[in-house]
Enquirer: 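Shown below is the structure under consideration.
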Amino acid sequence: MGCLSMDSVSNMASQYYLDMQESFRNNSKSREFPAHSAKVHSVAWSCDGRRLASGSFDKTASVFVLEKDRLVKENNYRGHGDSVDQLCWHPSNPDLFVTASGDKTIRIWDVRTTKCIATVNTKGENINICWSPDGQTIAVGNKDDVVTFIDAKTHRSRAEEQFKFEVNEISWNNDNDMFFLTNGNGCINVLSYPELKPIQSINAHPSNCICIKFDPTGKYFATGSADALVSLWDVEELVCVRCFSRLDWPVRTLSFSHDGKMLASASEDHFIDIAEVETGEKLWEVQCESPTFTVAWHPKRPLLAYACDDKDGKYDSNREAGTVKLFGLPNDS
(Lines give C-alpha, C1' and ligand atoms only; values in the text may rest on other atoms or scores of the structure.)
Protein backbone atom coordinates (compact mmCIF):
# COMPACT_ATOMS: atom_id res chain seq x y z
CA MET A 1 0.00 0.00 0.00
CA GLY A 2 1.46 3.36 -0.99
CA CYS A 3 1.93 6.03 1.66
CA LEU A 4 -0.30 9.06 1.55
CA SER A 5 1.55 12.16 0.52
CA MET A 6 1.50 15.00 3.06
CA ASP A 7 -0.72 16.97 0.68
CA SER A 8 -3.49 14.43 0.71
CA VAL A 9 -3.18 14.03 4.49
CA SER A 10 -3.61 17.75 5.00
CA ASN A 11 -6.62 17.70 2.69
CA MET A 12 -8.23 15.31 5.12
CA ALA A 13 -7.89 17.81 7.97
CA SER A 14 -11.23 19.38 8.83
CA GLN A 15 -11.98 22.96 7.94
CA TYR A 16 -12.34 23.62 11.67
CA TYR A 17 -8.84 22.26 12.26
CA LEU A 18 -7.37 24.48 9.55
CA ASP A 19 -9.29 27.54 10.75
CA MET A 20 -8.17 27.08 14.36
CA GLN A 21 -4.55 26.52 13.37
CA GLU A 22 -4.68 29.75 11.38
CA SER A 23 -6.31 31.50 14.33
CA PHE A 24 -3.62 30.29 16.74
CA ARG A 25 -0.85 31.28 14.35
CA ASN A 26 -2.20 34.84 14.45
CA ASN A 27 -3.05 34.70 18.15
CA SER A 28 -0.23 32.64 19.59
CA LYS A 29 0.78 35.04 22.30
CA SER A 30 0.74 34.01 25.97
CA ARG A 31 0.62 36.81 28.46
CA GLU A 32 1.36 36.60 32.16
CA PHE A 33 -0.57 38.46 34.88
CA PRO A 34 0.50 38.69 38.55
CA ALA A 35 -2.16 37.04 40.71
CA HIS A 36 -0.77 35.67 43.97
CA SER A 37 2.31 35.51 46.19
CA ALA A 38 2.59 31.72 45.76
CA LYS A 39 1.65 28.92 43.39
CA VAL A 40 -1.75 29.05 41.67
CA HIS A 41 -3.72 25.80 42.05
CA SER A 42 -6.89 26.56 40.14
CA VAL A 43 -8.27 28.91 37.48
CA ALA A 44 -11.89 29.18 36.30
CA TRP A 45 -14.02 31.51 34.16
CA SER A 46 -17.40 32.87 35.17
CA CYS A 47 -20.26 31.60 32.99
CA ASP A 48 -20.42 34.87 31.01
CA GLY A 49 -16.64 34.90 30.47
CA ARG A 50 -16.22 38.37 31.97
CA ARG A 51 -14.19 37.25 34.96
CA LEU A 52 -11.44 34.81 35.75
CA ALA A 53 -10.89 33.54 39.29
CA SER A 54 -7.73 31.94 40.64
CA GLY A 55 -7.04 30.10 43.89
CA SER A 56 -3.61 29.81 45.42
CA PHE A 57 -1.32 28.22 47.96
CA ASP A 58 -1.18 31.73 49.50
CA LYS A 59 -4.68 31.05 51.04
CA THR A 60 -6.45 33.60 48.84
CA ALA A 61 -8.57 33.77 45.72
CA SER A 62 -8.19 36.51 43.11
CA VAL A 63 -10.71 37.72 40.55
CA PHE A 64 -9.80 39.46 37.30
CA VAL A 65 -11.98 41.21 34.75
CA LEU A 66 -11.20 40.43 31.11
CA GLU A 67 -10.82 43.74 29.29
CA LYS A 68 -10.14 43.36 25.56
CA ASP A 69 -6.97 41.27 25.65
CA ARG A 70 -5.81 41.59 29.20
CA LEU A 71 -6.79 40.65 32.71
CA VAL A 72 -7.31 43.49 35.16
CA LYS A 73 -7.24 42.45 38.80
CA GLU A 74 -10.51 43.33 40.50
CA ASN A 75 -10.12 41.87 43.95
CA ASN A 76 -8.29 39.52 46.26
CA TYR A 77 -10.42 37.38 48.55
CA ARG A 78 -9.03 36.57 51.99
CA GLY A 79 -10.40 34.46 54.79
CA HIS A 80 -9.24 30.90 54.30
CA GLY A 81 -6.70 29.60 56.80
CA ASP A 82 -5.03 27.24 54.37
CA SER A 83 -4.30 26.75 50.68
CA VAL A 84 -7.18 27.32 48.23
CA ASP A 85 -6.96 24.09 46.24
CA GLN A 86 -9.88 24.39 43.87
CA LEU A 87 -12.61 26.84 42.98
CA CYS A 88 -15.56 27.03 40.62
CA TRP A 89 -18.24 29.48 39.57
CA HIS A 90 -22.00 29.15 39.79
CA PRO A 91 -23.11 27.60 36.46
CA SER A 92 -25.52 30.43 35.56
CA ASN A 93 -24.91 33.30 38.00
CA PRO A 94 -21.71 35.12 36.96
CA ASP A 95 -21.37 36.83 40.37
CA LEU A 96 -20.95 33.81 42.63
CA PHE A 97 -18.01 31.48 43.08
CA VAL A 98 -16.98 28.94 45.69
CA THR A 99 -13.56 27.98 47.03
CA ALA A 100 -12.40 24.73 48.66
CA SER A 101 -9.56 24.85 51.15
CA GLY A 102 -7.43 22.63 53.34
CA ASP A 103 -8.79 24.62 56.33
CA LYS A 104 -11.86 22.31 56.41
CA THR A 105 -14.22 24.94 55.02
CA ILE A 106 -15.68 26.00 51.73
CA ARG A 107 -16.52 29.64 51.16
CA ILE A 108 -19.04 31.18 48.79
CA TRP A 109 -18.15 34.65 47.50
CA ASP A 110 -20.12 37.36 45.71
CA VAL A 111 -18.07 39.59 43.41
CA ARG A 112 -20.60 42.44 43.79
CA THR A 113 -20.00 42.78 47.52
CA THR A 114 -16.49 41.26 47.51
CA LYS A 115 -17.53 39.54 50.74
CA CYS A 116 -17.73 35.93 51.74
CA ILE A 117 -21.49 35.28 51.85
CA ALA A 118 -21.16 31.86 53.47
CA THR A 119 -18.56 29.74 55.20
CA VAL A 120 -19.49 26.08 55.43
CA ASN A 121 -17.55 23.84 57.78
CA THR A 122 -16.68 20.40 56.46
CA LYS A 123 -15.15 17.33 58.05
CA GLY A 124 -11.81 17.19 56.31
CA GLU A 125 -9.21 19.02 54.26
CA ASN A 126 -10.98 19.86 51.01
CA ILE A 127 -9.23 19.23 47.71
CA ASN A 128 -11.91 19.37 45.03
CA ILE A 129 -15.21 21.10 44.42
CA CYS A 130 -17.90 21.38 41.75
CA TRP A 131 -21.24 23.10 41.36
CA SER A 132 -24.22 21.19 39.97
CA PRO A 133 -25.46 22.30 36.53
CA ASP A 134 -28.81 23.38 38.05
CA GLY A 135 -26.97 25.60 40.55
CA GLN A 136 -28.67 24.04 43.57
CA THR A 137 -25.89 21.90 45.04
CA ILE A 138 -22.18 22.15 45.71
CA ALA A 139 -20.18 18.93 46.04
CA VAL A 140 -16.87 18.97 47.86
CA GLY A 141 -14.36 16.14 48.25
CA ASN A 142 -11.73 15.90 50.96
CA LYS A 143 -8.46 14.08 51.59
CA ASP A 144 -10.30 11.32 53.48
CA ASP A 145 -12.36 10.42 50.37
CA VAL A 146 -15.59 11.86 51.74
CA VAL A 147 -17.81 13.78 49.32
CA THR A 148 -20.28 16.20 50.91
CA PHE A 149 -23.26 17.61 49.03
CA ILE A 150 -24.17 21.08 50.24
CA ASP A 151 -27.39 22.96 49.51
CA ALA A 152 -26.26 26.13 47.73
CA LYS A 153 -29.10 28.20 49.25
CA THR A 154 -29.27 27.02 52.87
CA HIS A 155 -25.55 26.10 53.01
CA ARG A 156 -26.46 22.91 54.87
CA SER A 157 -25.21 19.45 54.09
CA ARG A 158 -27.73 17.35 52.11
CA ALA A 159 -25.73 14.15 51.95
CA GLU A 160 -22.34 12.78 52.78
CA GLU A 161 -20.69 9.77 51.18
CA GLN A 162 -17.59 8.01 52.44
CA PHE A 163 -15.86 6.08 49.65
CA LYS A 164 -13.59 3.08 50.06
CA PHE A 165 -11.20 4.24 47.36
CA GLU A 166 -9.09 7.31 46.70
CA VAL A 167 -11.41 9.96 45.24
CA ASN A 168 -9.64 12.35 42.89
CA GLU A 169 -11.96 14.61 40.90
CA ILE A 170 -15.75 14.85 40.97
CA SER A 171 -18.35 16.12 38.50
CA TRP A 172 -22.00 16.00 37.60
CA ASN A 173 -22.99 15.17 34.04
CA ASN A 174 -24.60 18.08 32.15
CA ASP A 175 -28.11 16.65 32.70
CA ASN A 176 -27.61 16.76 36.47
CA ASP A 177 -28.86 13.18 36.94
CA MET A 178 -25.54 11.39 37.35
CA PHE A 179 -22.50 12.03 39.51
CA PHE A 180 -19.00 10.94 38.45
CA LEU A 181 -15.83 10.33 40.46
CA THR A 182 -12.35 9.42 39.26
CA ASN A 183 -10.42 7.17 41.59
CA GLY A 184 -6.97 5.94 42.54
CA ASN A 185 -7.56 2.50 40.99
CA GLY A 186 -7.96 3.92 37.51
CA CYS A 187 -11.75 3.71 37.57
CA ILE A 188 -14.58 6.11 36.88
CA ASN A 189 -17.45 5.60 39.31
CA VAL A 190 -20.88 6.64 38.13
CA LEU A 191 -23.66 7.26 40.65
CA SER A 192 -27.31 8.14 40.10
CA TYR A 193 -28.22 11.60 41.34
CA PRO A 194 -29.72 12.61 43.72
CA GLU A 195 -30.05 8.99 45.01
CA LEU A 196 -26.27 8.41 44.88
CA LYS A 197 -26.75 4.74 44.01
CA PRO A 198 -23.86 3.12 42.10
CA ILE A 199 -24.71 2.72 38.40
CA GLN A 200 -21.37 1.61 37.01
CA SER A 201 -17.67 1.40 37.72
CA ILE A 202 -15.65 1.78 34.53
CA ASN A 203 -12.08 0.51 34.33
CA ALA A 204 -10.73 3.51 32.49
CA HIS A 205 -6.96 3.44 33.00
CA PRO A 206 -4.32 1.03 34.31
CA SER A 207 -3.24 3.60 36.89
CA ASN A 208 -4.61 6.45 39.00
CA CYS A 209 -7.43 8.30 37.20
CA ILE A 210 -6.86 11.94 38.12
CA CYS A 211 -9.18 14.43 36.42
CA ILE A 212 -12.53 14.53 34.63
CA LYS A 213 -14.32 17.13 32.50
CA PHE A 214 -17.60 17.17 30.58
CA ASP A 215 -17.82 18.93 27.24
CA PRO A 216 -20.33 21.81 26.97
CA THR A 217 -22.42 19.99 24.36
CA GLY A 218 -23.00 17.01 26.65
CA LYS A 219 -21.74 14.49 24.10
CA TYR A 220 -18.42 13.52 25.70
CA PHE A 221 -16.44 13.59 28.87
CA ALA A 222 -12.67 13.22 29.18
CA THR A 223 -10.48 11.74 31.89
CA GLY A 224 -6.78 12.21 32.52
CA SER A 225 -4.61 9.64 34.21
CA ALA A 226 -1.25 8.97 35.82
CA ASP A 227 -0.47 6.82 32.76
CA ALA A 228 -0.14 10.14 30.84
CA LEU A 229 -3.18 9.30 28.70
CA VAL A 230 -6.32 11.34 28.14
CA SER A 231 -9.35 9.23 27.26
CA LEU A 232 -12.51 10.52 25.63
CA TRP A 233 -15.84 8.90 26.55
CA ASP A 234 -19.28 8.88 25.00
CA VAL A 235 -21.68 10.08 27.72
CA GLU A 236 -24.66 8.02 26.51
CA GLU A 237 -22.84 4.74 25.95
CA LEU A 238 -20.14 5.16 28.63
CA VAL A 239 -17.58 3.76 26.21
CA CYS A 240 -14.14 5.10 25.35
CA VAL A 241 -14.11 6.71 21.90
CA ARG A 242 -10.42 7.58 21.62
CA CYS A 243 -7.23 8.29 23.53
CA PHE A 244 -4.77 11.18 23.32
CA SER A 245 -1.22 10.19 24.11
CA ARG A 246 1.09 13.14 23.47
CA LEU A 247 1.91 13.88 27.10
CA ASP A 248 4.60 11.95 29.00
CA TRP A 249 3.60 12.79 32.58
CA PRO A 250 0.47 12.26 34.69
CA VAL A 251 -2.37 14.36 33.28
CA ARG A 252 -3.29 16.98 35.88
CA THR A 253 -5.92 19.10 34.21
CA LEU A 254 -8.35 19.16 31.28
CA SER A 255 -10.65 21.69 29.64
CA PHE A 256 -13.01 21.59 26.66
CA SER A 257 -13.41 24.67 24.48
CA HIS A 258 -16.80 26.44 24.44
CA ASP A 259 -17.88 24.62 21.26
CA GLY A 260 -16.73 21.23 22.56
CA LYS A 261 -14.38 20.81 19.61
CA MET A 262 -11.01 21.28 21.32
CA LEU A 263 -9.56 19.66 24.40
CA ALA A 264 -6.63 21.13 26.31
CA SER A 265 -4.65 18.84 28.60
CA ALA A 266 -1.60 19.53 30.72
CA SER A 267 0.88 17.84 33.03
CA GLU A 268 4.48 18.18 34.09
CA ASP A 269 5.42 18.24 30.41
CA HIS A 270 6.50 21.75 29.45
CA PHE A 271 3.63 22.25 27.02
CA ILE A 272 -0.16 22.21 26.97
CA ASP A 273 -1.61 19.87 24.35
CA ILE A 274 -4.56 21.19 22.36
CA ALA A 275 -6.33 18.40 20.48
CA GLU A 276 -9.18 18.36 18.00
CA VAL A 277 -11.79 16.28 19.83
CA GLU A 278 -13.32 14.48 16.82
CA THR A 279 -10.04 13.25 15.36
CA GLY A 280 -7.60 13.29 18.27
CA GLU A 281 -5.17 15.25 16.08
CA LYS A 282 -2.82 17.75 17.68
CA LEU A 283 -4.12 21.20 16.83
CA TRP A 284 -1.53 23.22 18.73
CA GLU A 285 0.80 23.12 21.67
CA VAL A 286 1.35 25.95 24.11
CA GLN A 287 4.95 26.05 25.35
CA CYS A 288 5.43 26.40 29.12
CA GLU A 289 8.56 26.79 31.21
CA SER A 290 7.35 24.51 33.97
CA PRO A 291 4.59 22.01 34.87
CA THR A 292 1.00 23.20 34.37
CA PHE A 293 -1.58 22.35 37.02
CA THR A 294 -4.73 24.07 35.82
CA VAL A 295 -6.22 25.05 32.44
CA ALA A 296 -9.58 26.61 31.54
CA TRP A 297 -10.99 27.60 28.16
CA HIS A 298 -13.01 30.79 27.99
CA PRO A 299 -16.78 30.01 27.73
CA LYS A 300 -17.21 31.96 24.48
CA ARG A 301 -13.92 32.27 22.59
CA PRO A 302 -10.68 30.37 21.93
CA LEU A 303 -8.79 31.90 24.85
CA LEU A 304 -7.09 29.59 27.35
CA ALA A 305 -6.29 30.56 30.93
CA TYR A 306 -3.66 28.48 32.72
CA ALA A 307 -1.23 28.53 35.61
CA CYS A 308 2.16 26.86 35.90
CA ASP A 309 4.35 25.77 38.74
CA ASP A 310 7.09 28.18 39.74
CA LYS A 311 10.13 27.59 37.58
CA ASP A 312 12.34 24.87 39.09
CA GLY A 313 10.33 25.22 42.27
CA LYS A 314 12.42 28.26 43.17
CA TYR A 315 11.06 31.76 43.41
CA ASP A 316 12.68 33.94 40.83
CA SER A 317 12.88 37.49 42.12
CA ASN A 318 12.52 38.80 38.58
CA ARG A 319 9.12 37.28 38.06
CA GLU A 320 6.36 37.16 40.57
CA ALA A 321 5.35 33.73 41.78
CA GLY A 322 1.74 32.85 41.34
CA THR A 323 0.91 34.27 37.93
CA VAL A 324 -1.97 33.35 35.65
CA LYS A 325 -1.49 33.24 31.90
CA LEU A 326 -3.68 33.70 28.86
CA PHE A 327 -2.99 31.98 25.55
CA GLY A 328 -4.78 32.95 22.33
CA LEU A 329 -4.09 36.68 22.37
CA PRO A 330 -3.32 38.57 19.13
CA ASN A 331 0.41 38.53 18.37
CA ASP A 332 0.46 42.31 18.13
CA SER A 333 -1.29 42.96 21.45
Enquirer: So L66 and L71, do their side chains get closer than 4.5 Å, heavy atoms only?
Expert: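 Side-chain contact under 4.5 Å: yes.
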Enquirer: Please tell me if the side chains of H41 and F57 come closer than 4.5 Å, counting only heavy atoms from C-beta onward.
Expert: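 H41 reaches F57 side chain to side chain.
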Enquirer: Check whether any side-chain heavy atom of P198 lies under 4.5 Å from a side-chain heavy atom of N189, and answer yes or no.
Expert: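 Of all side-chain heavy-atom pairs linking N189 with P198, none is under 4.5 Å.
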Enquirer: Tell me if the centroids of the rings in F24 and F327 come within less than 6.0 Å of each other.
Expert: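 Yes, the ring centres sit under 6.0 Å apart.
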Enquirer: Partners of D145 by side chain to side chain donor-acceptor pair (under 3.5 Å), sequence neighbours excluded?
Expert: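 Applying side chain to side chain donor-acceptor pair (under 3.5 Å) to D145 gives none.
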Enquirer: Less than 4.5 Å apart, side chain to side chain, heavy atoms only: is that true for M20 and E276?
Expert: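 Side-chain contact under 4.5 Å: no.
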Enquirer: Would the Y220 and F256 ring centres measure less than 6.0 Å apart?
Expert: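 Ring-ring flag for Y220/F256: false, centres at least 6.0 Å apart.
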Enquirer: Counting distance only, does the side-chain N/O of K300 pair as donor-acceptor with the main-chain N or O of H258 below 3.5 Å?
Expert: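 Checking the backbone N and O of H258 against the side chain of K300, no donor-acceptor pair under 3.5 Å is found.
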Enquirer: S231 and T223: side-chain donor and acceptor closer than 3.5 Å?
Expert: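 Result is yes, a qualifying pair exists.
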Enquirer: Would you give the length of the straight line joining atom SG of C243 to atom CG of L232, rounded to the nearest 0.5 angstrom?
Expert: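 So the gap between those two atoms works out to 8.5 Å.
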Enquirer: Could you check whether atom CD of E236 has more than 12 heavy atoms from other residues, nucleotides or ligands sitting under 6.0 Å from it?
Expert: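 No, CD of E236 has 12 or fewer neighbouring heavy atoms, counting only those of other groups under 6.0 Å.
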Enquirer: I'd like to know whether H80 forms a side-chain contact (heavy atoms from CB on, under 4.5 Å) with T60, so could you lay out the CA-CA distance, the side-chain angles of the two residues, the decisive distance to 0.1 Å, and finally the verdict.
Expert: CA-CA 7 Å; H80 278 299; T60 72; over 6 Å; no
Enquirer: Between H90 (side chain only) and S92 (backbone N and O only), is there a donor and an acceptor less than 3.5 Å apart?
Expert: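 Yes, because the side chain of H90 sits within donor-acceptor range (under 3.5 Å) of the backbone of S92.
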Enquirer: Suppose we screen for side chain to side chain contact (heavy atoms under 4.5 Å, CB included). Which residues come up paired with C288, at least two apart in sequence or across chains?
Expert: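 C288 satisfies side chain to side chain contact (heavy atoms under 4.5 Å, CB included) with I272, T292, Y306, C308 once adjacent residues are dropped.
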Enquirer: Please check this pair: side chain of D175 against backbone of D177, looking for a donor-acceptor N/O pair closer than 3.5 Å.
Expert: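 No, the answer is negative, given that no donor and acceptor are paired below the 3.5 Å cut-off.
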Enquirer: Do you know which two heavy atoms are closest between L87 and A61, and how far apart they sit?
Expert: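 Taking every non-hydrogen atom into account, CD2-CB, 4.3 Å.
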Enquirer: Checking D151 against R158 for the salt bridge (charged side-chain N to carboxylate O under 4.0 Å, His left out) test, could you report, in this order, the C-alpha distance in whole Å, the side-chain angles of both residues, the deciding distance, and whether it holds?
Expert: CA-CA 6 Å; D151 186 308; R158 280 187 178 162; 2.9 Å; yes
Enquirer: Please give me the minimum heavy-atom distance between N27 and P330, naming the atom from each residue.
Expert: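 Minimum heavy-atom contact is OD1-CA, 3.2 Å.
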Enquirer: List the steps and the verdict of side chain to side chain donor-acceptor pair (under 3.5 Å) for Q162 and E160.
Expert: CA-CA 7 Å; Q162 169 75 62; E160 198 173 78; over 6 Å; no
Enquirer: Between S207 (side chain only) and D227 (backbone N and O only), is there a donor and an acceptor less than 3.5 Å apart?
Expert: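 Judged by distance alone, yes, a pair lies under 3.5 Å.
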Enquirer: Are any non-hydrogen side-chain atoms of I188 and F221 less than 4.5 angstrom apart?
Expert: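 Heavy-atom side-chain distance check passes, below 4.5 Å.
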Enquirer: Please give me the minimum heavy-atom distance between K73 and S62, naming the atom from each residue.
Expert: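 Distance-wise, the nearest heavy atoms are CE-OG, 3.3 Å.
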Enquirer: Are the side chains of R25 and W284 in contact, using a 4.5 Å heavy-atom criterion?
Expert: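 Yes, their side chains come closer than 4.5 Å.
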Enquirer: With rounding to the nearest 0.5 angstrom, report the CD to OG distance, E285 to S265.
Expert: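 Between atom CD of E285 and atom OG of S265 there are 10.5 Å.
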Enquirer: Does R242 reach the main-chain N or O of V277 with its side chain, forming a donor-acceptor pair under 3.5 Å?
Expert: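 Such a contact is found between R242 side chain and V277 backbone.
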Enquirer: Using every non-hydrogen atom in the two residues, find where W297 and S257 come nearest and quote the distance to one decimal.
Expert: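 Residues W297 and S257, closest heavy atoms: CD1-N, 3.2 Å.
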Enquirer: Could you tell me which residues satisfy side chain to side chain contact (heavy atoms under 4.5 Å, CB included) with K219, sequence neighbours excluded, listed by chain and number?
Expert: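 Expected list: D215, T217, E278.
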Enquirer: Which atom names give the shortest non-hydrogen contact between A152 and G135, and what distance separates them?
Expert: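 Minimum heavy-atom separation between A152 and G135: CB-O, 3.5 Å.
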Enquirer: Under 3.5 Å, side chain of Y17 to main-chain N/O of K282, donor-acceptor pair present?
Expert: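 Yes; at least one donor-acceptor contact below 3.5 Å.
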Enquirer: In Å and rounded to the nearest 0.5 Å, what is the CG to OG distance from N173 to S132?
Expert: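 Those atoms lie 11.0 Å apart.
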Enquirer: Does R78, at its CZ atom, have more than 12 non-hydrogen atoms belonging to other residues, nucleotides or ligands within less than 6.0 Å?
Expert: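 No, not enclosed.
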Enquirer: Kindly indicate whether the side chain of H36, heavy atoms from C-beta on, has any atom under 4.5 Å from the side chain of N76.
Expert: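 The answer is yes; the side chains approach within 4.5 Å.
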Enquirer: Treat each ILVMFWY residue as a node, draw an edge where side-chain heavy atoms are under 4.5 Å apart, and state whether L229 and W249 are in one component.
Expert: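 They do not share one cluster, since no chain of ILVMFWY contacts under 4.5 Å joins L229 to W249.
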Enquirer: Pick from Y77, W45, W131: which one makes a ring-ring contact (aromatic ring centres under 6.0 Å, His included) with F97?
Expert: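 The passing option is Y77.
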Enquirer: Decide whether F163 and V146 are clustered together by the hydrophobic rule: side chain heavy atoms of Ile, Leu, Val, Met, Phe, Trp, Tyr closer than 4.5 Å, transitively.
Expert: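 F163 and V146: separate clusters.
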Enquirer: Decide yes or no on side-chain contact (heavy atoms from CB on, under 4.5 Å) for E74 and V72, but give the supporting numbers first.
Expert: CA-CA 6 Å; E74 185 176 58; V72 178; over 6 Å; no
Enquirer: For the OG atom of S201 and the CG atom of N185, what is their distance to the nearest 0.5 Å?
Expert: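 One gets 8.5 Å once the value is rounded to the nearest 0.5 Å.
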Enquirer: What I'd like to find out is whether the side chain of S56 reaches to under 4.5 Å of the side chain of V84, using heavy atoms alone.
Expert: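 Of all side-chain heavy-atom pairs linking V84 with S56, none is under 4.5 Å.
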Enquirer: State which residue, out of W172, F214, Y193, W233, fulfils the ring-ring contact (aromatic ring centres under 6.0 Å, His included) condition with F180.
Expert: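 The single option meeting the ring-ring contact (aromatic ring centres under 6.0 Å, His included) with F180 is F214.
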Enquirer: Quick check: closest heavy atoms across V43 and S54, and the distance to 0.1 Å?
Expert: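 Closest heavy-atom pair between V43 and S54: CG1-CB, 4.1 Å.
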Enquirer: Checking the side chain of E169 only, and the main-chain atoms of T182 only, is there a donor and an acceptor separated by less than 3.5 Å?
Expert: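 The answer is no, because no donor-acceptor pair under 3.5 Å joins these two groups.
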Enquirer: Show, in sequence, the C-alpha distance, side-chain angles and deciding distance for M262 and L283, and conclude whether the side-chain contact (heavy atoms from CB on, under 4.5 Å) test is met.
Expert: CA-CA 8 Å; M262 292 187 288; L283 226 167; 3.6 Å; yes
Enquirer: Is L196 reachable from V167 through a run of I, L, V, M, F, W or Y residues, each pair having side-chain heavy atoms under 4.5 Å apart?
Expert: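 In one cluster: yes.
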Enquirer: Hey, any chance V295 and V230 share a hydrophobic cluster, counting ILVMFWY side chains that come within less than 4.5 Å of each other, even indirectly?
Expert: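 Looking at the clustering, V230 is in a separate group from V295.
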Enquirer: Using the rule given for side-chain contact (heavy atoms from CB on, under 4.5 Å), can you reason through C47 versus N93, listing the C-alpha separation, both sets of side-chain angles and the distance that settles it, and then say yes or no?
Expert: CA-CA 7 Å; C47 60; N93 180 339; 6.0 Å; no
Enquirer: Take atom NZ of K104 as the centre, draw a 6.0 Å sphere, and report whether it contains more than 12 heavy atoms from other residues, nucleotides or ligands.
Expert: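 Counting other residues, nucleotides and ligands, NZ of K104 stays at 12 neighbours or fewer.
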Enquirer: Give the C-alpha distance, both sets of side-chain angles, the deciding distance and a yes or no for side chain to side chain donor-acceptor pair (under 3.5 Å) between D248 and S267.
Expert: CA-CA 8 Å; D248 290 328; S267 65; over 6 Å; no
Enquirer: Taking V241 as the starting point, is it possible to reach L238 by hopping between hydrophobic residues whose side chains are less than 4.5 Å apart?
Expert: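 Result: no, two separate clusters.
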Enquirer: Could you state the interatomic distance from CE (M178) to CD1 (I199), rounded to the nearest 0.5 Å?
Expert: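 Rounded to the nearest 0.5 Å, the CE-CD1 separation comes out at 5.5 Å.
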Enquirer: Give a yes or no on whether the backbone of R51 and the side-chain of S46 come within a donor-acceptor separation of less than 3.5 Å.
Expert: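 Between the backbone of R51 and the side chain of S46 there is a qualifying donor-acceptor contact (under 3.5 Å).
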Enquirer: Okay, side chain of S101, backbone of D82: is any donor-acceptor separation there less than 3.5 Å?
Expert: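 Checking the backbone N and O of D82 against the side chain of S101, a donor-acceptor pair under 3.5 Å is found.
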Enquirer: Could you measure the distance from the OG1 atom of T253 to the CD1 atom of I210? Nearest 0.5 Å is fine.
Expert: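 Going from OG1 on T253 over to CD1 on I210, the span is 10.5 Å.
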Enquirer: Test your reading of the model: is there a side-chain donor-acceptor pair from D48 to the backbone of P94, 3.5 Å cut-off?
Expert: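 Side chain of D48 to backbone of P94: no pair is present.
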